[in-house]
Amino acid sequence: MIKITFPDSRVKEYPVGTTGLEIAQSLSPQLAKEVLAISVNGEIRDATRAITENSAIRLHKWDDAEGKHAFWHSSAHLMAEAIENLYPGTKFGIGPAIENGFYYDVDLGEKVLSETELVDIESKMIELAARKSIFNREEISKPEALDLFSKKGDEYKVELISDLEDGTITLYKHGSFTDLCRGPHLPDTSLIKAIKVTSLAGAYWRGDEKRKQLTRIYGITFPKKSMLDEYMILLEEAKKRDHRKVGRDLELFTFSQRVGSGLPLWLPKGAALRERLENFLKKIQKEYGYEGVITPHIGQKELYVTSGHYAKYGKDSFQPITTPVEGEEFLLKPMNCPHHCEIYKYKPRSYKDLPVRLAEFGTVYRYEQSGELHGLTRVRGFTQDDAHIFCRPDQIKEEFSKVIDIVLYIFKTLDFKDFTTQISLRDPNNPDKYIGSDENWNKAEQAIIEVTSEKGLTAVVVPGEAAFYGPKLDFMVKDAIGRKWQLGTIQVDYNLPERFELEYIGQDNQKHRPVMIHRAPFGSMERFVAVLIEHTAGKFPIWLTPDQAIVLPISEKYQNYAEGVLKLLNNSDIRTLIDDRNEKIGKKIRDNELKRIPYLLIVGEKEETEGTISVRKQGQGDLGSMKPEDFINLIRKEVDEALSRD
RNA sequence: GCCAAUGUAGCUCAGUUGGCCAGAGCAGCUGAUUUGUAAUCAGCUGGUCGGGGGUUCGAAUCCCUCCAUUGGCUCCA
């Protein structure tokens, strides 16, 4: 007998070789039906695998990440089986579970798969799932595995196996399909009840664009039909929040083919919103000792040769502008830092002057690949809320800390709760890639790690992700359909001070090199506004929204009174409109609710007589009537609370 | 840039075995109505069917090409 310890520390005895499934069965038959995988002493395995020694276990069902992972991973195998059935001779790449579902990269040879054929794969999968094929695990040696997949002609699997360490290789077989796989897998395919093959894309083998492009097929599956329906509804809902749609509906921005793709045009309401965001940040920055600067949109090519950007990105960028004078070339500014370095340099700096914090809402231009453009989140011309802090090495930690405070204040004010942070460090195996001394790097990395944890952030630390010029901390949020976007970024830079030969005179009367910190709490105004739109579904906080209130007269008879209210509110800095169309009140309410105007102020006979307004709040309905002065105070209070620092 | 798809009025969408002057709803304009908490009624305007080329007696519809957009991949200062 062996001792099995459950998560609640209970211990029970089972015969040697018992399986997770049998354990589940012993607890409850219902549980046995729901078990997808098992953790044995922290290692995730098939629920059908024999357990041979005393172990602590955890059974995984659909409601935990490990369970879903096994479910979708098995679904990927099922899809592969369907594809092999439909398109014999297909070669298989990798087929992992992802955050929402799974995909498989396949090489279909001459066959070009079209989206209309996804349904065929789906039907085949449903048919195969119902056969209740068992997932069989098998261990073979590496040479045997190589032999097997070579014979099959699966060059991708052969390559994968070749890269594996020597030893045993595990295979999983179900139905007619065998795959190289670490597992774990479901007990059998019949647990997969609802299947949707969602989309189709090209994907380079091993993510390398120089290698062959495979066909990536995405899908998602569920243990219950109703879950798939819910998921599809969720996707529909997300679509409604898409910033491209909301941005058009609310008249915030647009694009024009004539102007060029990836070059957003901010409409009056969008511009007003953005300006308010900028002023909000400017105010904080002033408090934190930043000084505003302004630099031009172009610079001599030499400037970017000096900074190193030209060598790295020049040929993939907008090409230089040449002038009538021979040999003169200018580049559209791809970033602000070289300009700011020159501002730092315009006069000698003393250690007493540091840190110097130069801030600019600087518009930059980058020739992003055409396939990469996306609404406002990925564009070719955008404005960074950029600043560069020039400081002494011993000031890095404190400056970093202050920047984090700014970012957190912004996120709090805008109710961004669901963000993640990532610390990017050097690759320890490749130290030569980086500029700057070991000592400085150690200090900076240490400072970032310490400050981040002092601020209570749980950052993911990723070695090897740092830029060659310094470590960084990024803030990421997800958009409506779950795509992750980087917003705020704080980066230490040892490179530019070197390249621009930046100096300060130290206490010792010697020249020293300052360190630069690049930082952008929003990232770019375009991307930030896009994400803000998706977060709020266009219902912006009261201090930010383009229009705060609209007066709705019941009929033309109350036009004069309505205009009086309008004037009073606008004179009190409440951004107010009037809807004096010849429409019924129900229609006016509907239209202005759809425009996400936070307060609708209805005035008719009753209000005119009493000198009041009837207030209706977005999403909440009728709040009753009040004096305009009380309404003004209500809004002011709401704005103050939203911007409060506590 | 690569793979796949899409492109008809300001918006959402009908319209292909190739065939009368290309349709609807919303928006816009005009008029009637003077309205009490999510759509009042009527009339009118509006499209070189993404651009160009081709096949055909005839193309929104079939073919080629370019552009843009969408979902991925790669890239991302």
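Chain A is the first sequence line, chain B the second, and so forth, proteins listed ahead of strands; every chain is numbered from 1. Not measured: the values here are computed from a predicted model.
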Worksheet entry | Proximity to the side chain of A:Q369 - top-ranked nucleotide from B:rG36, B:rG1, B:rU69 | B:rG1
Worksheet item: With the threshold set at 4.0 Å, does a side-chain nitrogen-carboxylate oxygen contact exist between A:K587 and A:D591?
Response: yes
Practice prompt. Could you label the plane-to-plane angle of the A:Y304 and A:H339 rings as parallel, tilted or perpendicular, counting under 30° as parallel and over 60° as perpendicular?
Written response: tilted
Worksheet item: Any side-chain donor-acceptor pair under 3.5 Å between A:T383 and A:T363?
Response: yes
Worksheet item: Dot-bracket for RNA chain B, 5' to 3', counting Watson-Crick or G-U wobble pairs under 3.5 Å, with [ ] for crossing pairs and | for inter-strand pairs?
Response: (((((((..((((.....[...)))).(((((.......))))).....(((((..]....))))))))))))....
Practice prompt. Please step through salt bridge (Lys or Arg N to Asp or Glu O under 4.0 Å) for the pair A:D105 and A:R216, ending with a clear verdict.
Written response: CA-CA 4 Å; A:D105 283 347; A:R216 176 169 298 179; 2.7 Å; yes
Worksheet item: Which nucleotide sits closest to the side chain of A:I602: B:rU35, B:rU37, B:rU69?
Response: B:rU37
Worksheet item: Of the candidate nucleotides B:rU34, B:rA4, B:rU37, which contains the atom at the shortest distance from the side chain of A:I589?
Response: B:rU37
Item to complete: Identify, residue by residue, the members of residues 334-342 of chain A with a heavy atom below 4.0 Å from RNA chain B, and return them in order of residue number, or none.
Response: A:P334, A:M335
Worksheet entry | Given B:rG36, B:rA38, B:rU35, the nucleotide with the shortest approach to the side chain of A:K606 | B:rG36
Practice prompt. Could you check how far CD1 of A:I550 sits from P of B:rA38, rounded to whole Å?
Written response: 16 Å
Discussion item. Taking B:rC67 as the reference, what is the distance to B:rA38 when you measure between their C1' atoms (whole Å, please)?
Written reply: 41 Å
Practice prompt. Using the six-membered ring of A:Y367, assess whether NZ or CZ of A:R380 lies under 6.0 Å from its centre and within 45 degrees of the ring axis.
Written response: yes
Discussion item. Using atom P in both nucleotides, what's the gap between B:rU40 and B:rU45 to the nearest angstrom?
Written reply: 24 Å
Fill in: B:rA39 to B:rG25 separation - C1' atoms, rounded to the nearest Å
12 Å
Practice prompt. Identify which one of A:F361, A:F522, A:W485, A:F475 satisfies the ring-ring contact (aromatic ring centres under 6.0 Å, His included) criterion when paired with A:F528.
Written response: A:F522
Worksheet item: What does A:G604 touch in the nucleic acid at a heavy-atom separation under 4.0 angstrom: a base, only the sugar-phosphate, or nothing?
Response: base
Fill in: Mutual orientation of the aromatic rings belonging to A:H73 and A:H77 [parallel < 30°, tilted 30-60°, perpendicular > 60°]
perpendicular
Worksheet item: Distance between the P atoms of B:rG46 and B:rU55, in whole angstroms?
Response: 34 Å
Worksheet item: The side chain of A:S555 lies closest to which of these nucleotides: B:rC75, B:rC26, B:rU34?
Response: B:rU34
Worksheet item: Using the P atom in both, what is the distance from B:rG50 to B:rA68, to the nearest Å?
Response: 16 Å
Worksheet item: Taking the C1' atom of each, how far is B:rC26 from B:rC41, in whole Å?
Response: 16 Å
Discussion item. Assuming nearest nucleotide by heavy-atom distance, tell me which of A:L200 and A:L214 is located more 5' along RNA chain B.
Written reply: A:L214
Fill in: Residue A:R248, side-chain heavy atoms: nucleotide from B:rA38, B:rA77, B:rU12 that is nearest
B:rU12
Worksheet entry | Separation between the P atoms of B:rG28 and B:rG71, rounded to whole Å | 29 Å
Practice prompt. Could you check A:Y156, A:F92, A:Y218 and say which one makes a ring-ring contact (aromatic ring centres under 6.0 Å, His included) with A:Y104?
Written response: A:F92
Worksheet item: Looking only at side chains, do A:T420 and A:Q422 share a donor and an acceptor under 3.5 Å apart?
Response: no
Discussion item. Among B:rG36, B:rA4, B:rU69, which nucleotide has an atom closest to any side-chain atom of A:E115?
Written reply: B:rA4
Fill in: Residue closer to the 5' end of RNA chain B, A:E607 versus A:Q213 (nearest nucleotide)
A:Q213
Worksheet entry | Of the listed nucleotides B:rG71, B:rG36, B:rC76, the one nearest the side chain of A:E605 | B:rG36
Fill in: Nucleotide nearest A:Q257 (side chain, heavy atoms from C-beta), chosen from B:rC73, B:rG36, B:rA68
B:rA68
Discussion item. What's A:L373 touching, base or sugar-phosphate or nothing? Going by heavy atoms closer than 4.0 Å.
Written reply: sugar-phosphate
Worksheet item: Side chains of A:E498 and A:Y469: do they bring a donor and an acceptor to under 3.5 Å?
Response: no
Worksheet item: Considering only the C1' atoms, how many Å lie between B:rA9 and B:rA14, rounded to the nearest integer?
Response: 13 Å
Discussion item. Given B:rA77, B:rA38, B:rG72, identify the nucleotide with an atom nearest to the side chain of A:E593.
Written reply: B:rA38
Discussion item. Between A:H374 and B:rU69, is there a contact of a side-chain N or O with OP1 or OP2 at under 4.0 Å?
Written reply: no
